[in-house]
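Any value given below was found using the heavy atoms of this structure, including those in side chains, with hydrogens, waters and symmetry copies removed.
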Amino acid sequence: MSHRLPVSRAPDPLEAYIQHFDPLLTKRNQRDALRRYLEGLLLPAERNKTLTALANTEPVRGAQHARAQGLQWFLSESSWSPARVNTQRLQLLRGDTLTAPDAHGVLVIDESGDRKAGTKTAHVGRQYLANLGKIDNGVVSVSSLWADEHVSYPLEVEPYTPKHWFGAGTTDPAFRTKPQIAVELIERAGTAQWPFRAVVADAFYGENESFHLGLQRLQVGFVVALKPSHAWWRPIDEPGSLQEIAAAARWEGPARPGAWVRVVRRFRDGHTEDWWALEVLARPYGPDKRRRAIVATTDPRQLPDKTTWYLLTNVPAPGSERAATTPLAAASLAEIVRLYGLRM
């Protein structure tokens, strides 16, 4: 059996971490490129983490430098398996007492978008890029992330492929919407036995009924955001949106909060904030119904946009009839706010 040739070591403790992945890389230049790649990601740089920045060469012309070409080959053409590397990464996280997951955390579903020039890059298209907050040409990926009050890390990332890449557009059997990709990621996390208290996601997913149906099929708890204007069928003389119900709820200050309940949010840096939560009692929502709607805010009088959440959950209320008939553990208003707060 031949001996593996040594490579230039990465700084400690990065080197000790990278050695866990060496058995997955059969070639010496693969093992060397992984070290240089991770060094580039971790080092502070004035430029974004482009390939030339990672290789420490100048933009554009530096792309032809041997270091940049080596990284390009490693990332796009080399024969190592990203899935096996990711599996090893997650096993290391599970095995460390500082990062091991438990059922107190959440599974965050989110997406990211990166601007790309041209039309040749896989999955590229003109679409909404959340990172930019506007429609532009780029690539969008859906991700699952495990988080609690102390640590967070991604589990998987799947690119979204726009409809123009498929011959039959959205009717093509291979086409998947972002909510469909998200449900697949959640199902894979469950199959891999990642523990979590609930799935949390923003209003893009919270307003999507197919996403709700997917979670219902998987029988997992969720806390997702809704739009302030989220409405339902009702008589014309009743409040018809979450924002209207929150505005109509009686609030006469902390000493006389009415139906508002004080909850304390605790942050990773140790500081706390007083928030107020309201259990919405409306035709489709309530503590004894299949779905609950909650409004959480720092100011029940003003309902400021940036610090007011409109939430939907299938987790039952403590003491409710539904809490005795569903396998999902009950959650108070404070717990619902805590769970969604982990997304932030």
Side-chain angles (χ1 to χ4, degrees), residues 101-110 144-149 155 179-227 230-234 242 245-246 249 259-265 275-296 309-344:
D102 58 43
H104 192 64
V106 297
L107 186 68
V108 181
I109 294 297
D110 210 344
S144 58
L145 177 145
W146 192 90
D148 67 6
E149 284 81 358
L155 301 186
Q180 285 174 326
I181 295 172
V183 172
E184 291 175 12
L185 292 176
I186 296 165
E187 186 168 17
R188 294 210 293 262
T191 301
Q193 298 184 333
W194 283 92
F196 53 86
R197 181 76 163 88
V199 171
V200 297
D202 64 17
F204 174 80
Y205 297 94
E207 295 283 354
N208 187 280
E209 189 62 26
S210 68
F211 183 68
H212 295 169
L213 293 175
L215 296 180
Q216 180 178 322
R217 174 177 62 82
L218 298 177
Q219 296 184 317
V220 298
F222 62 80
V223 180
V224 295
L226 297 172
K227 296 177 181 178
H230 179 83
W232 50 89
W233 290 105
R234 87 289 180 196
L242 295 179
I245 287 181
W260 293 92
V261 176
R262 185 198 302 269
V263 297
V264 178
R265 290 193 63 204
W275 280 53
W276 297 88
L278 175 72
E279 181 90 47
V280 173
L281 303 178
R283 290 178 176 265
Y285 306 122
D288 286 311
K289 297 188 176 180
R290 187 168 59 90
R291 293 180 181 178
R292 301 163 62 196
I294 289 105
V295 181
W309 302 337
Y310 301 88
L311 306 176
L312 177 71
T313 183
N314 65 340
V315 177
S320 65
E321 292 183 7
R322 187 165 170 270
T325 60
T326 177
L328 301 176
S332 65
L333 292 178
E335 174 69 353
I336 296 298
V337 172
R338 181 191 77 84
L339 292 172
Y340 190 76
L342 292 176
R343 175 185 173 270
M344 313 307 291

Taking the side chain as every heavy atom from C-beta outward, state whether [X] and [Y] have any atom pair closer than 4.5 Å.
| X | Y | result |
| --- | --- | --- |
| Leu213 | Arg217 | no |
| Leu281 | Pro287 | yes |
| Pro179 | Phe204 | yes |
| Leu312 | Arg291 | yes |
| Lys289 | Glu321 | no |
| Val280 | Tyr310 | no |
| Arg292 | Leu333 | yes |
| Trp276 | Arg262 | yes |

Give, for atom [atom1] of [X] and atom [atom2] of [Y], the distance between the pair rounded to the nearest 0.5 Å.
| X | Y | atom1 | atom2 | value |
| --- | --- | --- | --- | --- |
| Arg283 | Trp232 | CZ | CH2 | 11.0 Å |
| His230 | Leu311 | NE2 | CG | 11.5 Å |
| Trp260 | Glu279 | CH2 | CD | 11.5 Å |
| Leu145 | Leu185 | CG | CG | 11.5 Å |
| Thr313 | Arg290 | OG1 | CZ | 12.0 Å |
| Glu184 | Thr191 | CD | OG1 | 11.5 Å |

Checklist entry - Does CD in Glu209 sit with more than 12 non-hydrogen atoms of other residues, nucleotides or ligands closer than 6.0 Å? => result yes

Checklist entry - Should we count CD of Gln219 as having more than 12 external heavy atoms under 6.0 Å? => result no

Item to check | Step-by-step side-chain contact (heavy atoms from CB on, under 4.5 Å) determination, Ser144 to Ile186 | outcome: CA-CA 7 Å; Ser144 58; Ile186 296 165; over 6 Å; no

Checklist entry - What do the steps show when you test Met344 against Trp309 for side-chain contact (heavy atoms from CB on, under 4.5 Å), and what is the final call? => result CA-CA 11 Å; Met344 313 307 291; Trp309 302 337; 3.7 Å; yes

Closest heavy-atom contact between [X] and [Y]?
| X | Y | value |
| --- | --- | --- |
| Ile294 | Ala277 | CG2-CB, 4.4 Å |
| Ala259 | Leu278 | CB-CD1, 3.6 Å |
| Tyr340 | Ala225 | OH-CB, 3.3 Å |
| Ala331 | Val315 | CB-CG1, 3.5 Å |
| Ala147 | Leu342 | O-CD1, 3.9 Å |
| Leu328 | Pro316 | O-CG, 3.5 Å |

Item to check | Full working for side-chain contact (heavy atoms from CB on, under 4.5 Å) between Asp202 and Arg343 | outcome: CA-CA 9 Å; Asp202 64 17; Arg343 175 185 173 270; 3.2 Å; yes

Next on the checklist: For Trp194 and Leu107: C-alpha separation, side-chain torsions, deciding distance, then whether side-chain contact (heavy atoms from CB on, under 4.5 Å) applies.
Outcome noted: CA-CA 9 Å; Trp194 283 92; Leu107 186 68; 5.8 Å; no

Any sub-3.5 Å donor-acceptor pair from [X]'s side-chain atoms to [Y]'s backbone N or O?
| X | Y | answer |
| --- | --- | --- |
| Trp146 | Pro195 | yes |
| Thr326 | Ala323 | no |
| Arg322 | Asn314 | yes |

Item to check | Carboxylate-amine/guanidinium contact Glu207 Lys227, below 4.0 Å | outcome: no

Checklist entry - Which residues satisfy the salt bridge (charged side-chain N to carboxylate O under 4.0 Å, His left out) test with Asp148, sequence neighbours excluded? => result none

Item to check | Whether Phe222 and His212 hold their rings parallel, tilted or perpendicular, with breakpoints at 30° and 60° | outcome: parallel

